[in-house]
Number of protein chains: 2
Amino acid sequence: METKQIPSIVVGRLPVYLRALEYMKREHRQVTSSQELAERLGISAAQIRKDLSQFGEFGKQGTGYDIENLVTQLRAILHINRVWDIAVVGAGDVGHAVARYQGFTDRGFRVAQIFDNDPSKIGSQIGEFIVRDSADMLEIIHQAGIKIAMIAVTASHAQDVADQLVKAGVKAILNYAPITLNVPPEVHVQYIDPSVHLQRMAYYLG
Amino acid sequence: METKQIPSIVVGRLPVYLRALEYMKREHRQVTSSQELAERLGISAAQIRKDLSQFGEFGKQGTGYDIENLVTQLRAILHINRVWDIAVVGAGDVGHAVARYQGFTDRGFRVAQIFDNDPSKIGSQIGEFIVRDSADMLEIIHQAGIKIAMIAVTASHAQDVADQLVKAGVKAILNYAPITLNVPPEVHVQYIDPSVHLQRMAYYLG
DNA sequence: TAGATTGTTAATCGATTAACAATC
DNA sequence: TAGATTGTTAATCGATTAACAATC
């Protein structure tokens with residue numbers, strides 16, 4: 001018995017679908033169609049239907065998709081019908097911003113810990129958190145069973161931090177440092193580097 | 001006479017190649033190979049060679065690529081052999097973080113303006129900038145000829161801001177608001193939504 | 001019922017990889 | 001020269017789209 005392997009490019013679109021559906025839900029909308037979603041998101045209706053059909057039959061011919069139901073289904077598929085604790089490493093500007101960011105609430109995540117190795121920052125308060133010493137990071141993360149971390153340290157420290165996080169049992173890393181990380185295949189990494197995004201667009205500015 | 005159309009997925013990888021090459025340059029390395037880059041970046045050597053060959057012949061058989069030269073070439077291809085001014089809209093935590101971010105220097109960009117519509121923020125200082133009134137945004141951006149903007153306002157205001165930016169002549173938008181924007185086809189948009197990245201990884205956490 | 005929209009199949013399109021001649 | 005590595009071609013692989021029967 002084998003589980004069908006879902007292409008990661010499909011998985012990557014689900015959160016975008018979900019975001020749009022939750023937006024509609026807030027507008028008190030009841031149903032939508034692949035066509036409406038397609039227009040909002042700038043992709044084809046066929047692609048949306050095909051993507052969703054990988055996981056089940058969520059629509060009704062002639063009517064479309066029940067928004068509330070599809071939101072519930074997608075949250076379950078993405079395993080965010082629970083709250084994941086996140087450890088943030090680096091208490092600089094980026095660490096500050098993510099620690100105080102309200103946007104994780106209701107989207108499946110919660111910052112639980114923030115670490116730094118700078119003695120002048122350790123013990124200080126950021127939002128509701130006290131910055132803890134990176135030296136204790138491995139033990140704390142392991143103890144707490146935290147599986148997701150964000151790296152917000154300089155490029156020169158990011159690989160070291162990643163190595164430690166992997167040792168601590170972290171399985172997913174959101175990396176803000178401008179460097180490609182080397183991690184074992186079972187650990188997932190996503191990158192946020194604003195300069196990379198900007199450079200990509202600059203190409204088209206001619 | 002027609003210019004060969006480069007796939008946008010290829011363009012998207014160039015900044016990552018460039019980032020790795022600049023890192024090597026800082027390590028005082030002189031040459032590298034597609035194989036070494038491939039190992040560092042976790043992609044295939046053939047893909048790197050094929051991507052680069054779309055823009056010219058930058059390597060030498062038996063030797064590889066001159067790092068300094070390839071950096072120069074890629075910067076020219078991406079049009080970042082100059083400095084682009086950026087307007088930041090929204091002086092909240094994210095706006096703060098990007099306005100103070102040192103990572104744009106030497107990568108082709110410079111924050112030039114920061115706007116907000118909150119009277120309690122207008123006139124205040126963020127890093128080296130004075131927050132200006134969003135009401136004056138269109139005129140200031142147009143006057144200054146700014147082509148790149150970052151949206152760091154709430155989801156509910158982001159589309160309005162985007163419409164204004166487009167009117168002001170902006171051609172590239174880096175959007176931190178958790179919403180898909182509707183813009184004319186000649187305007188490029190890139191999205192940074194940490195929750196989307198996290199949700200994508202949560203799928204694999206089972 | 002008539003109209004609308006799904007889920008799915010087959011066709012098309014595009015991207016990646018393997019392999020190797022060319023050549024430094 | 002011998003070894004290494006490029007640039008490129010052809011083959012493979014995967015993703016997107018068009019179209020439509022099924023059906024609400």
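In the text below, chain A, chain B and the rest are named by the order of the sequence lines, each starting its count at 1.
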Yes or no on side-chain hydrogen bond (donor to acceptor under 3.5 Å, both in side chains) for D51(B) and Q47(B), after CA distance, side-chain angles and deciding distance? CA-CA 6 Å; D51(B) 285 352; Q47(B) 180 163 83; 5.2 Å; no

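For R49(A), the listed nucleotide lying nearest its side chain is dT6(C); candidates were dA15(C), dT6(C), dT17(D). With dT6(C), dA18(D), dT6(D) as the candidates, the nucleotide lying closest to the side chain of A46(A) is dA18(D). Taking the side chain of E57(A) as heavy atoms from C-beta on, and the options dG7(D), dT16(D), dT8(C), the nearest nucleotide is dT8(C). Distances from the side chain of P7(A) to the nucleotides dT17(C), dA15(D), dT9(C) place dA15(D) closest. You'll find that the side chain of S53(A) is closest to dT8(C), out of dT8(C), dT17(C), dG7(D).
The separation between Q35(B) atom CD and dA18(C) atom P is 13 Å, rounded to whole Å. D51(A) has its CG atom 10 Å from the P atom of dA15(D), to the nearest Å. Distance L41(A) CG to dT16(D) P: 14 Å, rounded to the nearest Å. One atom, CG of L52(B), and another, P of dT17(C), lie 15 Å apart when rounded to the nearest Å. Regarding E36(B), its CD atom lies at a distance of 14 Å from the C1' atom of dA4(D), rounded to whole Å. Remark: C1' of dA11(C) and CD of Q47(A) are 16 Å apart, rounded to the nearest angstrom. Whole-Å rounding puts the Q54(B) CD to dT8(D) C1' distance at 11 Å. We find that NZ of K50(A) is positioned 10 Å from C1' of dA10(C), with the value rounded to whole Å.
W84(A) contributes no side-chain N or O that, together with a main-chain N or O of I146(A), makes up a donor-acceptor pair within less than 3.5 Å.
The side chain of S44(A) places no N or O atom within less than 4.0 Å of a non-bridging phosphate oxygen (OP1 or OP2) of dT16(D). Taking only side-chain nitrogens and oxygens, T63(B) never comes nearer than 4.0 Å to OP1 or OP2 of dT5(D). Contact annotation: R13(B) reaches the phosphate of dT16(C) (side-chain N/O to OP1 or OP2, under 4.0 Å).
Across every non-hydrogen atom of D116(B) and K121(B), the tightest pair is OD2-CD, 3.6 Å. Pairing each heavy atom of N117(B) with each of S134(B), the nearest pair is N-OG, 3.2 Å.
Closest-nucleotide positions on DNA chain D for Y65(B) and Q61(A) were compared, and the one nearer the 5' end corresponds to Y65(B). Heavy-atom distances to DNA chain C give each of G56(A) and S8(B) a nearest nucleotide, and the one nearer the 5′ end belongs to G56(A).
Remark: dA11(C) base-pairs with dT16(D). Criterion, Watson-Crick or G-U wobble with two distances under 3.5 Å. Nucleotide dA21(D) is matched to dT6(C) when pairs are restricted to Watson-Crick or G-U wobble geometry with both distances under 3.5 angstrom.
With rounding to the nearest 0.5 Å, the separation of CZ in R29(B) from CE in M24(B) is 5.5 Å.
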